[in-house]
Amino acid sequence: MIGLMSCGRGDNTVTAASPEKDRVEVIYFYGKQRCATCVAIENNTKEVMNTIFANELKNGTVVFRTVDISTPKGEKIADKYEVTWSSLFVNKWKDGKETRNNLTEFGFGNARKNPDDFKKGLADKIRQSLK
């Protein structure tokens with residue numbers, strides 16, 4: 001078993017430098033080396049985004065980003081979220097404030113061996129964040 005960790009400390013609410021559109025942002029962080037579970041997290045997340053939330057992606061109420069933490073730009077974003085390896089976040093932006101939801105542990109526990117549970121749990125978290 002490979003142990004992968006995402007560190008998150010302190011307050012999970014961040015204020016943006018400039019007001020941005022209210023939205024739910026799904027961010028998948030990855031590095032150069034990826035295990036089967038990392039690939040499953042990304043593929044299943046993409047499937048959820050492109051099927052269940054296709055309309056929300058089009059109108060911008062849901063945003064999906066993948067971030068390669070091995071690039072300088074990706075490393076800066078990873079530092080902001082205090083991640084060092086593959087990680088999955090579902091974040092709610094409301095009135096310029098970001099509330100972070102780290103779903104990494106859930107992703108690693110379900111994406112490969114219980115993909116249906118993973119997709120349902122991810123979709124439920126996004127729907128909850130859209131309220």
For the student: nearest non-hydrogen atoms of [X] and [Y], plus distance:
| X | Y | answer |
| --- | --- | --- |
| P115 | N44 | CB-ND2, 3.8 Å |
| V90 | S129 | CG1-OG, 3.9 Å |
| F53 | A123 | CZ-O, 3.6 Å |

List for me each residue that meets salt bridge (Lys or Arg N to Asp or Glu O under 4.0 Å) alongside [X], sequence neighbours excluded, and say none if there are none.
| X | value |
| --- | --- |
| K125 | none |
| D116 | none |
| K113 | none |

Listed partners of [X] passing side-chain hydrogen bond (donor to acceptor under 3.5 Å, both in side chains), at least two apart:
| X | answer |
| --- | --- |
| K92 | none |
| K94 | none |
| E75 | none |
| N91 | E98 |

With sequence neighbours excluded, residues passing side chain to side chain contact (heavy atoms under 4.5 Å, CB included) with K76 |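 None.
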In chain order, what residues pass the side chain to side chain contact (heavy atoms under 4.5 Å, CB included) check against N55, with sequence neighbours excluded?
->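 Listed in chain order: nothing, the list is empty.
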Any heavy-atom pair between the side chains of [Y] and [X] that's under 4.5 Å?
| X | Y | value |
| --- | --- | --- |
| L88 | I27 | no |
| Q128 | N101 | no |
| V26 | F89 | no |
| Y28 | S86 | yes |
| R127 | I52 | yes |

side-chain contact (heavy atoms from CB on, under 4.5 Å) between F29 and C38, worked out | CA-CA 9 Å; F29 295 90; C38 296; over 6 Å; no
Non-neighbouring partners of F118 that pass ring-ring contact (aromatic ring centres under 6.0 Å, His included), sequence neighbours left out =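 If we apply the ring-ring contact (aromatic ring centres under 6.0 Å, His included) test to F118, skipping adjacent residues, the hits are F106.
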Scan residues 32-49 for pairs that pass salt bridge (charged side-chain N to carboxylate O under 4.0 Å, His left out), counting only residues two or more places apart or in two chains.
->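 Checked against salt bridge (charged side-chain N to carboxylate O under 4.0 Å, His left out) - neighbours excluded - the pairs reaching residues 32-49 are R34-E42, E42-K46, E47-K119.
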When the side chains of residues 61-70 are checked against the rest of the protein, which donor-acceptor pairs come out under 3.5 Å, sequence neighbours left out?
from, atom 1, to, atom 2, distance (Å)
T61, OG1, N59, OD1, 2.8
R65, NE, E25, OE2, 3.4
D68, OD1, S70, N, 2.9
D68, OD1, S70, OG, 2.5
D68, OD2, S70, OG, 3.3

Any link between L130 and M49 through a network of hydrophobic side chains (Ile, Leu, Val, Met, Phe, Trp, Tyr) touching at under 4.5 Å?
->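 Shared cluster, yes.
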How long is the gap from CH2 on W93 to CG on D22, to the nearest 0.5 Å?
->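 Those atoms lie 10.5 Å apart.
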Spacing of C35 atom SG and W85 atom CH2 [to the nearest 0.5 Å] =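 Rounded to the nearest 0.5 Å, the SG-CH2 separation comes to 8.5 Å.
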Checking side-chain contact (heavy atoms from CB on, under 4.5 Å) for the pair Y81/R100: CA distance, chi angles, key distance, verdict?
-> CA-CA 9 Å; Y81 286 88; R100 296 177 180 172; 3.3 Å; yes
